[in-house]
Each structure stands twice: as C-alpha cells, then as structure tokens.
Colleague: 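Quick one: the structure is below, and I'll ask about it shortly.
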Amino acid sequence: MYKQIHIYLKMEEEIPFDEFEKYYKKVIAYFNEKADQFDEETLWKALFISENVMSNAEGRSKEVKGQKAKKYLKMSQRLTLWAQNFAARLGNMGYNEEQMNERFEKMFEDDVMEE
C-alpha cells in the first residue's frame, strides 16, 4: 500500500473515484485489522498513507457534488482519526512535531520501486 500511494502521488491525472474508493477500503481494512501491531517503521508508513489519502479525499470533496462529495468527506474524516492515532503513537515514542514533519517530507522522496 505504501508503494501504491507513491505511484498515485506521481501520476499526472487523478485516479477515478472507483479506484480511489477501492484503495481507501483496502487501507481502512488493513488499519482496522493490523494497526495495534504496527512497529515504528509501519507507523510512519501508515501515517504517510493516511495523511495523503485524507488530504486528497478532502480536496476531492470540494471539487465534486452530491453523493461522491459526501463519500470523499467521510473518507477524509475517517483517515483523520487514523492519522491522529499514528501521530500520537509516534509522539509517545519520543518524536516531536518538527521531527515528524521532517521525516514526512523525506518520505515523499522514498524510492519505493525497489521495495
């Protein structure tokens, strides 16, 4: 999923709603099932995924109307809770907000195609 978010972020065009929703559901299902067991590295990746999908969903909710706008907004709200959870857990590990922001920016440059 981490590799996939990088692929999406590098794309020129937006992915269609159906693909976006499918990825979102896969992420949420994984978080629901496994988040309690995430190690530090997985927490970072989960935070990166949740923050990016959340902000993308929020942006899309403002661009479309009707049911899709509501669905995007709901996706954004749910992922906001996950992002807060992961950030709090990293905070409990001793990271401050500045360190989190620095690491987050570096993650955009990760070469995930080799993973």
Side-chain angles (χ1 to χ4, degrees):
M1 284 181 280
Y2 185 67
K3 186 176 181 177
Q4 187 62 51
I5 194 72
H6 275 276
I7 292 168
Y8 288 148
L9 290 170
K10 287 182 171 78
M11 290 173 65
E12 295 292 319
E13 69 280 349
E14 280 193 356
I15 61 171
F17 174 81
D18 292 342
E19 186 175 346
F20 189 97
E21 184 178 45
K22 183 178 171 187
Y23 179 78
Y24 161 81
K25 286 180 177 179
K26 184 178 173 183
V27 165
I28 290 295
Y30 184 73
F31 289 172
N32 284 336
E33 186 180 328
K34 305 273 188 191
D36 291 345
Q37 303 148 29
F38 285 176
D39 62 10
E40 184 176 340
E41 187 61 29
T42 308
L43 279 172
W44 280 110
K45 289 179 178 181
L47 179 61
F48 187 83
I49 291 167
S50 56
E51 287 275 351
N52 279 291
V53 177
M54 173 191 73
S55 63
N56 200 297
E58 185 179 336
R60 287 175 176 225
S61 75
K62 295 172 185 167
E63 295 170 6
V64 298
K65 303 279 184 240
Q67 276 307 110
K68 283 186 182 172
K70 288 178 185 172
K71 286 184 178 185
Y72 280 130
L73 193 58
K74 186 176 180 184
M75 290 179 202
S76 176
Q77 290 167 342
R78 243 178 126 186
L79 284 166
T80 298
L81 296 175
W82 279 113
Q84 290 169 343
N85 174 302
F86 300 140
R89 288 166 64 184
L90 288 165
N92 289 339
M93 292 178 175
Y95 292 98
N96 64 34
E97 190 172 345
E98 185 179 331
Q99 291 168 316
M100 286 188 213
N101 289 336
E102 283 177 23
R103 172 79 183 260
F104 203 76
E105 288 304 313
K106 287 180 181 153
M107 291 176 83
F108 278 105
E109 299 162 16
D110 278 357
D111 187 5
V112 296
M113 298 311 153
E114 296 178 13
E115 286 184 13

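Counting begins at 1 with the first residue of the sequence.
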Colleague: With sequence neighbours excluded, give me every salt bridge (Lys or Arg N to Asp or Glu O under 4.0 Å) pair touching residues 23-34.
Modeller: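 Checked against salt bridge (Lys or Arg N to Asp or Glu O under 4.0 Å) - neighbours excluded - the pairs reaching residues 23-34 are Glu21-Lys25.
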Colleague: Taking atom types as modelled, is there a side-chain donor on Asp110 or Tyr2 under 3.5 Å from an acceptor on the other?
Modeller: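 Note: Asp110 and Tyr2 side chains meet the donor-acceptor criterion.
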Colleague: Could you check if a side-chain atom of Met107 sits within less than 4.5 angstrom of a side-chain atom of Glu51, using non-hydrogen atoms only?
Modeller: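 No - every pair of side-chain heavy atoms lies 4.5 Å or more apart.
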Colleague: Please identify each residue that fulfils salt bridge (Lys or Arg N to Asp or Glu O under 4.0 Å) with Lys62, with sequence neighbours left out.
Modeller: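 Here the qualifying residues are Glu58.
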Colleague: Are Tyr24 and Tyr72 an aromatic pair by the rule of ring centers under 6.0 Å?
Modeller: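 No, the ring of Tyr24 stays outside the 6.0 Å limit from the ring of Tyr72, centre to centre.
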Colleague: List the residues meeting side chain to side chain contact (heavy atoms under 4.5 Å, CB included) with Gln99, not counting sequence neighbours, and say none if there are none.
Modeller: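 Here the qualifying residues are Tyr95, Asn96.
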Colleague: In the single-linkage hydrophobic clustering (I, L, V, M, F, W, Y; side-chain heavy atoms under 4.5 Å), do Val27 and Leu73 co-cluster?
Modeller: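 Result: no, two separate clusters.
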Colleague: CZ of Phe86 to CH2 of Trp44: how many Å apart, nearest 0.5 Å?
Modeller: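 Here the interatomic distance stands at 13.0 Å.
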Colleague: Roughly how far apart are Met75 CE and Lys68 NZ, rounded to 0.5 Å?
Modeller: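 Interatomic distance, Met75 CE to Lys68 NZ, rounded to 0.5 Å: 10.0 Å.
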Colleague: Rounded to the nearest 0.5 Å, what separates atom CD1 in Ile15 from atom CG in Asn56?
Modeller: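 One gets 7.5 Å once the value is rounded to the nearest 0.5 Å.
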Colleague: Determine whether Tyr23 and Leu81 fall in the same hydrophobic cluster, where Ile, Leu, Val, Met, Phe, Trp and Tyr are linked whenever their side-chain heavy atoms lie under 4.5 Å apart.
Modeller: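 Not linked; separate clusters.
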Colleague: Looking at CD1 of Ile5 and CD1 of Ile49, how far apart are the two atoms once the value is rounded to the nearest 0.5 Å?
Modeller: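 With rounding to 0.5 Å, CD1 (Ile5) is 6.5 Å from CD1 (Ile49).
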Colleague: In Å, rounded to the nearest 0.5 Å, how long is the span from CE of Met93 to CE of Met100?
Modeller: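 Rounded to the nearest 0.5 Å, the CE-CE separation comes to 10.0 Å.
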Colleague: Can you tell me how far the CZ atom of Arg60 sits from the NZ atom of Lys71, to the nearest 0.5 Å?
Modeller: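 One finds 13.5 Å between CZ of Arg60 and NZ of Lys71.
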